[in-house]
Amino acid sequence: MNDTARRPGGPAPGDHLALLIARARNPFEISEPLTDRLATAVRCDVQLRSFRQHRNPPPGLRCSTYQYTFTFADHSVLVLWELRHDTEAEGQVTCEVYPDFAALQEAESRVHQRMGGALPQAPAGAGDAARAPNRVERSGFGLPAPRSGQHSYTERDSADHARRLLRRAVNPDRPGARTLDLLRTATRHQISRVPQPFGPAGPNAFCSVYEHAFLLADGKEVNLYELEHDFTEDRRLVCEVYADAATADRAAERHVTAHDAGGRTGE
């Protein structure tokens, strides 16, 4: 499949982007600055990069990966990856979107484990970094400690980002008004996906941790840790926010351990 936005009557790049975000279960992966940048694209090419179907034993399951290449007026390009699969309950098609190929690989690994079988091959032209295996052993927990001074702080509208991040958090022990007041002075921020030393959360789960590093007006740094998971009764994706890596670590361990126990007992 190769669909280009230059095709007469075809969707414009902004339409591709809007549809991607609207149907994704994880739209938070696309930051607001990236969304704004992609909205200025003059062309969008869509290619089916991989497809897998599992028929035996039933039920039949399918998984496909699409590459969206956005081209800009200055001839630069940005790529988004969309993963579509029907491995959730009742066979409904689930869409996930990723701006980072390594994150896509983790998602593909989760889905392909659920389908039963080997990991998919890296798409052609994805680069050496994309072809490198992204394997982690489940040998223990412990998120990396914050690395002060090593952030580029590329994101703006940081105070508003902090407000929205804390507003959507569902955990009662999330940082409160004092932290929110402090982050009202944030001038820049950066979001980084934290490696998961505890390994994949399992073939039927989504669990990721993100570090939100904020630069304040006085030059100080404040870090929040966001835990995204679908360990909920209705498999709805939720967000938890913690003030330090150790607390986010314990929360991730608690959720993954409970998920494993439930899987063993059939709950």
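Quick caveat: nothing in here was measured; it's all calculated off a predicted structure. Start at 1 with the first residue, then count along the sequence. Computation of the quantities below employed the complete heavy-atom set of this structure, encompassing side-chain atoms and omitting hydrogens, waters and symmetry-equivalent molecules.
No single ILVMFWY cluster, assembled from side-chain heavy atoms under 4.5 Å apart, contains both Phe28 and Val238. Side-chain heavy atoms closer than 4.5 Å link hydrophobic residues (I, L, V, M, F, W, Y) into clusters, and following such links, even through other members, never connects Leu215 to Leu180.
Of the inter-residue distances, the one linking Leu20 atom CG with Asp15 atom CG reads 11.0 Å to the nearest 0.5 angstrom. Annotation: the span from Thr94 atom OG1 to Arg25 atom CZ amounts to 5.5 Å, rounded to 0.5 Å. Rounding to the nearest 0.5 Å places OG1 of Thr179 at 11.0 Å from CZ of Arg184. The line from SG of Cys239 to OH of Tyr210 is 10.5 Å long, rounded to the nearest 0.5 Å. If you take CG on Leu80 and OH on Tyr66, they are separated by 15.5 Å, rounding to the nearest 0.5 Å. Note that the CG atom of Leu165 and the CG atom of Leu183 stand 9.0 Å from one another [nearest 0.5 Å].
Residues Asn171 and Val241 share a closest heavy-atom pair of ND2-O, 2.8 Å. Taking both residues in full, the closest heavy atoms of Tyr225 and Ala248 are given as CB-CB, 3.7 Å, listed atom of the first, atom of the second, then distance. The two residues Pro13 and Val42 come nearest to each other via the heavy atoms CG-C, 3.6 Å. Contact between Arg174 and Ala169 at its shortest, heavy atoms only, is CD-CB, 3.5 Å.
Between Arg178 and Asp181, no side-chain nitrogen of the basic residue sits less than 4.0 Å from a carboxylate oxygen of the acidic one, so the salt-bridge criterion is not met. With respect to Arg110 and Glu108, no salt bridge is recorded, no charged nitrogen being found less than 4.0 Å from a carboxylate O. For the pair Glu82 and Arg23, the salt-bridge criterion is met [side-chain N within less than 4.0 Å of a carboxylate O]. Ion pairing between Arg168 and Glu226 holds under the 4.0 Å rule for side-chain N and carboxylate O. Ionic pairing of Glu32 and Arg37 is not present here: no N-O contact between side-chain nitrogen and carboxylate oxygen is shorter than 4.0 angstrom.
The side-chain heavy atoms of Leu166 and Pro175, taken from C-beta on, include a pair separated by under 4.5 Å. Counting only heavy atoms from C-beta outward, the side chains of Pro99 and Glu29 approach each other to under 4.5 Å. Side-chain contact between Leu224 and Asp244 is absent, with no heavy-atom pair separated by less than 4.5 Å. For the pair Thr40/Asp36, no side-chain contact is recorded, criterion being any heavy-atom separation below 4.5 Å from C-beta on. Side-chain contact between His255 and Leu227 is present, with heavy atoms from C-beta onward closer than 4.5 Å. Pro27 places none of its side-chain heavy atoms less than 4.5 Å from the side chain of Val97. Side-chain contact between Asp173 and Tyr242 is present, with at least one heavy-atom pair separated by less than 4.5 Å. Between Thr187 and Ser158, every side-chain heavy-atom pair lies at or beyond the 4.5 Å cut-off.
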Report task. Could you walk me through whether Arg84 and Glu96 pass the side chain to side chain contact (heavy atoms under 4.5 Å, CB included) test, one step at a time? Result -> CA-CA 7 Å; Arg84 302 178 192 173; Glu96 303 175 22; over 6 Å; no
Report task. Take Glu228 and Asn26 through the test side chain to side chain contact (heavy atoms under 4.5 Å, CB included) and record every step on the way to the result. Result -> CA-CA 9 Å; Glu228 297 277 357; Asn26 59 334; over 6 Å; no
Query - Audit row: His189, Ile191, side chain to side chain contact (heavy atoms under 4.5 Å, CB included) steps and yes/no - result: CA-CA 7 Å; His189 69 282; Ile191 307 171; 4.1 Å; yes
Report task. Verify side chain to side chain contact (heavy atoms under 4.5 Å, CB included) between Thr65 and Leu48, making sure each step is shown before the conclusion. Result -> CA-CA 6 Å; Thr65 298; Leu48 175 64; over 6 Å; no
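Other residues, nucleotides and ligands place no more than 12 heavy atoms under 6.0 Å from the CG atom of Asp157.
Cation-pi check for Arg188 over Phe214 is not met; the charged atom does not lie both under 6.0 angstrom from the ring centroid and within 45 degrees of its normal.
A donor-acceptor contact shorter than 3.5 Å links the side chain of Asp218 to the backbone of Lys220.
Side chain to side chain, Gln47 and Asp45 fail the donor-acceptor criterion of an N or O pair below 3.5 Å. Under the 3.5 Å distance criterion, with hydrogens and angles disregarded, a donor-acceptor pair is assigned to the side chains of Gln67 and Thr69. No hydrogens or angles considered: a donor-acceptor pair under 3.5 Å links the side chains of His229 and Glu240.
Screening Tyr68, Tyr98, Phe101 for a ring-ring contact (aromatic ring centres under 6.0 Å, His included) involving Trp81 leaves a single residue, Phe101.
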